[in-house]
Structures are given as structure tokens and as C-alpha cells.
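Have a look at the structure below before the remarks.
A, B, ... follow the sequence lines: proteins, then strands. Residue 1 opens every chain.
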Amino acid sequence: MTDENREARQAVEAIVMVADEPVPPGLMAQLIEISTDQVEEICTQLAEEYRSEVRGFELVRVAGGYRFRSHPDAEPYVKRFVVSGQSARLSSAALETLAIVAYKQPLSRAQVSAIRGVNAEGAMRTLQQRGLVCEVGRDPGPGNARLFATTSAFLERLGLDAIDELPPLVDFVPGPEVIEALETSLMADGRSGLSGADGRDGAGQGQDHGVPTPAPERGRGNGDAPAV
Amino acid sequence: MTDENREARQAVEAIVMVADEPVPPGLMAQLIEISTDQVEEICTQLAEEYRSEVRGFELVRVAGGYRFRSHPDAEPYVKRFVVSGQSARLSSAALETLAIVAYKQPLSRAQVSAIRGVNAEGAMRTLQQRGLVCEVGRDPGPGNARLFATTSAFLERLGLDAIDELPPLVDFVPGPEVIEALETSLMADGRSGLSGADGRDGAGQGQDHGVPTPAPERGRGNGDAPAV
Amino acid sequence: MRTKVSEGPLAVRTEVFEGPFDLLLHLILRDEVDLYDVMVGDIVDAYLAELDRMEHLNLEVATEFLLIAATLVQLKSSRLLPDSEPLDLDEELALWSERDLLLARLLECQTFKAAAAALEQMAAVAGRSHPRASGPDERYLDLVPDFLEGIGPDDIRAAFLRATATRPAPHVDIAHVTDIPISVAEVTADLVARLPEIGRVGFRELTEDLATGIEVVVYFLAVLELYKRGMVDVSQASTFGRIAITWSGEAEEYEPLAGVDAYDG
């Protein structure tokens, strides 16, 4: 195996390992800077290796991407583990998706994905299955996207009377440091954060429904802010 | 490899694969119905296999359990992909507070403040919000101060299995040149010794190593204190 | 020297003193001054300036500082007293123990500063690996006993902040494979050449032709470097407001940065 091959293989394994949704091969190809065919080839090889080594996990192609999951042969043990309550209540992906819906509802799947920065299909499906999130209507705008909101079961489980009893976001927003602003702007689009604050005053953070807002901690000081 | 061994190995790999937190070996032992030693042995073997196969992931022992994580070599590729767990850097104030809690735990906010010479309220709140520090009980003494300690998230963040893996605090005691600089600076020139009291004439300040050396831990020593 | 805490390329921290120990350590170790050569008044001024920068007066910090300032004044004044009038032995002993206590606390403070730097280092190393945290797949979801067990409103808030705060934008950035074309040292030298003529310029104008965010950061670091050397004045009227840079140095005094490589991103 050449060094390059090895590096690409490692990269594929690493990315799929930390992903909590199936990873599209096209995305991996972009990240690793190889062709999608090469990604597919690597994945096929890896899957075969795990099979022949009788691993407890497998690499499968599902929902348009690759993911690791436990091997069916180990099912009895995995079930015991899950039932024991030691496993995830909600995956971090699902929890974050739920939080976004809770604070920004009603909103479309596409908006959730835009905020999370990754495809939220899977997590949204999970949340719907669990009755924590449901469809509440259609966006009147172009596209008529379906809109989602949290359910009363969600409120009940959290012991809340109404959604506005969720803790406000603004209070907890860490304060700005110049560098933090710089870095945020780097992440956003390379320039905007530096162009001075023109009008960024932190208003509309938190409960403004619907619009994918920028990272909420921009521009709010509370003194003990983490430097980035 | 016997069938039983193979099954246990598969079970370990499968369980760790579906876990979202480090899995304690004792729990796996219970679920798979083998001894904890066997679990440990299997995990050591697996970790070694992944290493020798130059996998993109590793099996590590951290915060009291086993978990899969991406291999550091794949960091450039994973960095752009990670879905969560990218932690913002901590300010130096928060870091120093964290260090004090890590080495002196459990302790109260007032104790942290006493060491830092400033109110530790803000930094402690930041650390609690980040899940790195949590309340663990009340001081049985007068005042019943709330006591704080580091969390397993802290261990994970640092890649430690247990708190006693921290480097000993004595490693960080300033070197002689720093102590000397401090002493010199605080010493009363020309009058430095207790002249008349012990015959030290106090000439050569800075070289005067005989000054009563302070015990930094005065009043709160717990053994791992910096010795001067 | 062990006390020099090495800071990462992005760890630009303005000197904000976190209390009297910090300030004293700074004065003693970094400026390498003998505290007896420093006017206590200067220390008080410096400290009051720090207090000013805090949003409100922190009584604890203020009183702690008063205590230390008083100790310093006492130590200092005892030195000024003529030898012929020795202090009462008890007083002198008390003075020594004050001094020792102060020294002890400074040492402790310095120790934890070094420990904090080590923790940061460990976190940076561990941060190169990312944990798998996806949980069981759909096949096992029905088995999960209580889906929201242990999750409260605060966890929802935390998850929201996590989801919105810490993630890079979804675009594929190739900065990690592309060399940054400029270094802090180069930009600093360039600014030293350009700024004396320009005089005063906004940071935004200075960087508007740059193509990438990282170059802007490099410029920012360069400006900070010049500020540190007292070669420019920097002012910003409001948070996120316009950053104005005014040349105030002598180009001849400039010594090129040594050992500062390109930001390695």
C-alpha cells in the first residue's frame, strides 16, 4: 500500500468513525481530495477487511453514505447494553437538532440543516419517530417547505408549561474578545466579522424564530468570556 | 482463536461502537459475562491490532472506560468534518481556575479565589457551563460551602483515564531563578536580614538564600503542594 | 525560563491582570524590575486602570489589592527608615512573615499558571482525536428505556449553543492544505515600511484587499506585534467598531521578528 493510499484509508475510517450520520462518499472525496471512485473503492476494501477479520462492527452503505454500525452477530450484547440505559439517550446529533427545533420553531428541515451545518434528515426522522418533533404546516414562501415544531410530549418530558420557559440564550452567551470575533468571522465567510460591527448588536439572538442566525455568542459580553 | 473468544471480541467492538461515552470495562464484563480482566485484555489486543493495521481510528481508555476515536494522524481531514465536540479554547483565567480545581479538588469557590487572589465566580461559572467542573457536595465544616471537582468530560478533554494521571503539581513549581527574582524583589535592600536577630547582614540581596523560605501551602497543605 | 508560558499563534491576549498576584508577577518577572524601584503609586495606578477595565468594581479584588499594596508600602517604608532606628523585633518579624506570605502566594500563583499551561497543552494533544459519539443506530432505538432521561431545559440550551457555536461553516475549506502565503514577520516588516507614510489608517481599509480570513488574522497579529512594541497606537471606539491604527514609532528602531513563522493554521 502506498503512503497516499494509507493516508486516504485512514482519513475515511476516521471521518466515518466520528460521524453521526452516514457520510456521503462525495463529501469524503472533497475532504480527502481524491475521487469519489477512490472513496468507494476504499470503503469496499475496508468493509471486506472487517468482515474477514470478524470484527464486531461493519462498514455499510446506507441512506446515501457510509457508516459504522455494530455487526448483527453481536446483536444480543448490543441490546443488553442499550437496555441497560448506559447508552445514548439521544445521540448528540439528535439532541442538537432537537434543541435547534425547540429554540427556532417552526422551521424547515433545510433550515435545521443550515444551522447544524450538516444534513439533519436522519436526526429529524429519529425525533419524529420518538414523538418529540412534528410537522406543523407549510412555509407560505416559495417552495412551501414543511415546517416542524416540538410536540407537547417534548414539553411534558422537560417539565415545561410552554416553549418560552426554555432558558433564554442571551444570558449564557459568552462575551466577545476580538480574537473570538475574528475566528467566528473566519468560520463564517472569511471577512464579515472583521468589517466592524456595523450594526451587529446582538439583538434578535435567541428567540427570533425561523431564520438561521449566526453563532449566538457573537457580541455579547459578560466579562469572563473564553478567549478562543 | 476460540469461538468464545471471537464472540467476546466482537461483543466488545460492537458495544463500544454504539456507545457515545467511554464504556467502563466492568459494565462490558457484566453484559458479555466474562471477567473484567478478560475485557481489559481484549481491549488491549484490539487497540494493538488497530495500531498495527494503521487504522484511522483507535480504541483508547479514557475517563474510566473504552471508546473509539479518530486517530490523531487523520486530524487534518477530520477537523473540517467534526459534527460536535469542537471545544472553544478557554481563557487563561478559566484555565488557571481549572488547574486549581484539578489539583486541589474537592474545594470551594472561596478556596479557588484565595489562591488566585481574585473572585473566581465568573471563571467557575464558565467551567461549569462547559461541563468541566461540577458541584460534588458540601463542606462538612462551618459554612457548608459548596465543593467543586472536575468532571469526566474534563478527563476526556485532556485524554486522561483518571485524575491521578495528571503530572504532579511539583513539576510546575517555578525554578530557582524565578523564586530568586521574586525574593529579591520583595526583599528590603540594606535591611533584608533580621539584622541583629540572626546576624544576617542582608548585604547581597538576591544571593541571600538563607531568608526564611515561605511555605506556599501554609494553611491548606495537602501533600501535593509545591515545595519551595 | 520556565515561566515563559508559550502561547499558540492565535493566543493573542491583551494583558488583563486577573488580580493583584497577576499584576505583581507581571511586574516582577516580565519587566524584571525590583519592586523597590517601582513607585507604589505606579502600581496603584496600574491596578486602578485594570479595575477600570472591569465592568464594575469588584470589591474582593479591590480589597485584596489594598492589602497587598499596604504590605508593599510597609516593606518599602521600612527600607527607607534609617538603620539607627531599628524596628521593634516583633514588628520586624511580622514584616518578614507578611513578606513570606506574599512570596508564597506569588509562587503558588505562578505554579498554577504553569500547570494551566500544561493542561492546555494536554488538551491540545487530546483534541487531535475526536470521539465517536453517535450512539446506537435506528435498529436499537426502540430499546432505549427513556429517551430524554436526565435531559433538562438547560441541556437543551447547551445543545443549542453547541450546535450553533462551535461548528465551522459547511463549506469545504481547503485552508488546511494550502500554505498561507504570508507570515506575521513579513507583514510586520511591510507595515513598518508603509505605515509611517500613511500615518493613520483603519484596520478594515488596511486589509480590504486580502483574499482570505487567515491573511486578515496575520495582519491583525502583525498590528498587535507593533502595538506591543509601541510602534503604533490602536484605538477602537466601540466593541466591533472601527479599529484605527496610528503610526507612532520610528522605522529605524524596527528589528525584524525572529522565529515567527507563518501561521501554521
Side chains of A:Leu27 and B:Phe81: closer than 4.5 Å at any heavy-atom pair?
yes

Identify whether the distance between the nearest side-chain nitrogen and carboxylate oxygen of B:Glu53 and A:Arg55 falls below 4.0 Å.
yes

Determine whether a donor-acceptor pair (N or O, by modelled atom type, separation under 3.5 Å) exists between the side chain of A:Gln10 and the backbone of B:Gly56.
no

Measure distances from B:Glu58 to the heavy atoms of chain A and classify the residue's part below 4.5 Å as side chain, backbone, both or neither.
neither

Among side-chain atoms of B:Glu7 and A:Tyr77, is any donor-acceptor pair under 3.5 angstrom?
yes

For the atom pair NZ (B:Lys79) and CD1 (A:Ile15), what is the distance rounded to the nearest 0.5 Å?
13.0 Å

Inter-chain contacts: residues 59-68 of chain B against chain A, heavy atoms under 4.5 Å
B:Phe68

At a heavy-atom separation under 4.5 Å, does A:Glu75 approach chain B through its side chain, its backbone, both, or neither?
neither

Could you grab the distance from atom CD of B:Glu13 to atom OG of A:Ser70, nearest 0.5 Å is fine?
11.5 Å

Which region of A:Val23, side chain (C-beta onward) or backbone (N, CA, C, O), has a non-hydrogen atom less than 4.5 Å from a non-hydrogen atom of chain B, or is it both or neither?
side chain

Pick one of side chain, backbone, both or neither for B:Ala11, based on which atoms fall under 4.5 Å of a heavy atom in chain A.
both

Please identify each residue that fulfils side chain to side chain contact (heavy atoms under 4.5 Å, CB included) with A:Ala8, with sequence neighbours left out.
A:Ile32, A:Ile34, A:Ile42

